[in-house]
Asks: 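Dumping the structure here so I can ask a few things about it.
All residue numbers in this chain count up from 1 along the given sequence.
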Amino acid sequence: MGIFKTFAGLALLVLSFSSSAQTRLDGNWWRSLEKAEKTYFAVGYMQGVRNVTLIAPVIVCLEMGSDGSDFSACITKISTPLDKAFTSPSRGKPYGQLIDGINTVYDDYRNRGICFTGAMTYVLKELSGLSSVEREELITKLRQSNLESPCN
């Protein structure tokens, strides 16, 4: 029974990725989701980012040929900036607060073309204390980047 559930779960995961391959992950997509779907997606996204920040330093240090005590120093050197860049802003922030922030970003029709990753970054930075000038500069930059490159 456990194998069947695992296989069924993997099949659903593959199907969801294949069906979303053509979906643009922007505000229009986000607004079409139910509350539970938004929660699952945001939690999965943040967990994925955290996993990358744990695994990436190991891969980089192995590729660089570090070993022994040198390996430990390499991991620390690479992990610290990654941790600060990707996970520190989200620490202590309830997912409901992040989702409310993303909803607020996409409530403005001018922001609906912004990719999900941009909206999430904006909200995390805003929760970390951006000034009103910095918020306006960032949202303008995100709107412009939407015009220059698509998101998936």
Side-chain angles (χ1 to χ4, degrees), residues 9-66 71-152:
L10 287 172
L12 288 173
L13 184 64
V14 169
L15 287 174
S16 69
F17 279 121
S18 64
S19 68
S20 69
Q22 300 301 316
T23 302
R24 183 176 159 83
L25 303 180
D26 61 8
N28 294 316
W29 163 80
W30 180 260
R31 290 170 51 87
S32 74
L33 299 177
E34 297 294 327
K35 184 177 181 179
E37 293 172 311
K38 290 176 181 180
T39 301
Y40 294 140
F41 188 85
V43 169
Y45 177 85
M46 293 304 294
Q47 290 300 317
V49 168
R50 287 189 182 119
N51 290 343
V52 166
T53 63
L54 294 173
I55 295 168
V58 174
I59 294 169
V60 169
C61 291
L62 287 173
E63 287 292 320
M64 291 172 51
S66 299
F71 186 74
S72 178
C74 178
I75 293 289
T76 303
K77 183 178 180 182
I78 293 173
S79 299
T80 304
L82 276 176
D83 185 51
K84 285 181 181 173
F86 291 106
T87 62
S88 294
S90 65
R91 286 196 182 123
K93 309 288 190 266
Y95 285 110
Q97 191 175 2
L98 295 173
I99 292 164
D100 288 346
I102 295 167
N103 288 339
T104 300
V105 169
Y106 288 140
D107 281 345
D108 184 335
Y109 73 92
R110 297 171 296 170
N111 299 337
R112 298 219 180 120
I114 294 173
C115 299
F116 172 80
T117 54
M120 175 67 88
T121 301
Y122 176 83
V123 171
L124 290 172
K125 287 185 175 193
E126 187 176 38
L127 290 172
S128 296
L130 281 180
S131 70
S132 58
V133 171
E134 291 170 319
R135 279 196 306 267
E136 192 58 39
E137 287 174 358
L138 179 56
I139 203 73
T140 301
K141 181 180 173 185
L142 290 170
R143 287 175 185 154
Q144 184 62 37
S145 68
N146 162 58
L147 299 174
E148 295 169 2
S149 62
C151 55
N152 281 347

Asks: I'd like to check the side-chain hydrogen bond (donor to acceptor under 3.5 Å, both in side chains) partners of E134; sequence neighbours left out, ordered by chain and number.
Replies: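 Expected list: S131.
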
Asks: Can you list every ring pair (Phe, Tyr, Trp, His ring centres under 6.0 Å) pair that touches residues 117-142, not counting sequence neighbours?
Replies: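 Those involving residues 117-142 do not exist here.
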
Asks: Checking N103 now: which residues fulfil side-chain hydrogen bond (donor to acceptor under 3.5 Å, both in side chains) with it, not counting sequence neighbours?
Replies: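 So N103 forms a side-chain hydrogen bond (donor to acceptor under 3.5 Å, both in side chains) with W30, K38.
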
Asks: Got M46 and L124 here, is their nearest side-chain heavy-atom distance under 4.5 Å?
Replies: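 Counting from C-beta outward, M46 and L124 do come under 4.5 Å.
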
Asks: Could you list the residues that satisfy side chain to side chain contact (heavy atoms under 4.5 Å, CB included) with E34, not counting sequence neighbours?
Replies: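 Only E37 meet the side chain to side chain contact (heavy atoms under 4.5 Å, CB included) criterion with E34.
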
Asks: Partners of Q144 by side-chain hydrogen bond (donor to acceptor under 3.5 Å, both in side chains), sequence neighbours excluded?
Replies: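 Applying side-chain hydrogen bond (donor to acceptor under 3.5 Å, both in side chains) to Q144 gives E148.
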
Asks: Kindly write out the residues that satisfy ring-ring contact (aromatic ring centres under 6.0 Å, His included) with Y45, not counting sequence neighbours, or none if the list is empty.
Replies: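 Partners of Y45 under the ring-ring contact (aromatic ring centres under 6.0 Å, His included) test: F116.
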
Asks: Tell me the closest heavy-atom pair linking T23 and W29, and the distance in Å.
Replies: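 Nearest heavy atoms, T23 then W29: CG2-CD1, 3.3 Å.
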
Asks: For the pair V123 and T104, evaluate side-chain contact (heavy atoms from CB on, under 4.5 Å) and give the outcome as yes or no after the intermediate values.
Replies: CA-CA 9 Å; V123 171; T104 300; over 6 Å; no

Asks: State which residues pass salt bridge (charged side-chain N to carboxylate O under 4.0 Å, His left out) with D108; sequence neighbours excluded, sorted by chain then number.
Replies: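 D108 satisfies salt bridge (charged side-chain N to carboxylate O under 4.0 Å, His left out) with R110, R143 once adjacent residues are dropped.
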
Asks: Please report the closest heavy-atom contact between A42 and I99, naming both atoms and the distance.
Replies: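 Heavy atoms only, the tightest pair is CB-CG1, 4.1 Å.
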
Asks: Are N111 and L142 close enough that some pair of their side-chain heavy atoms sits under 4.5 Å apart?
Replies: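 In short, these two side chains do not touch, never coming nearer than 4.5 Å.
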
Asks: Within the structure provided, determine whether I139 and I114 are in side-chain contact (heavy-atom separation under 4.5 Å).
Replies: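 Yes, at least one pair of side-chain atoms sits under 4.5 Å.
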
Asks: Suppose we screen for side chain to side chain contact (heavy atoms under 4.5 Å, CB included). Which residues come up paired with D107, at least two apart in sequence or across chains?
Replies: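 Counting only residues at least two positions away or on another chain, D107 forms a side chain to side chain contact (heavy atoms under 4.5 Å, CB included) with R31.
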
Asks: Atom CG in L98, atom CE in M120: separation rounded to 0.5 Å?
Replies: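 It is 5.5 Å, given to the nearest 0.5 Å.
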
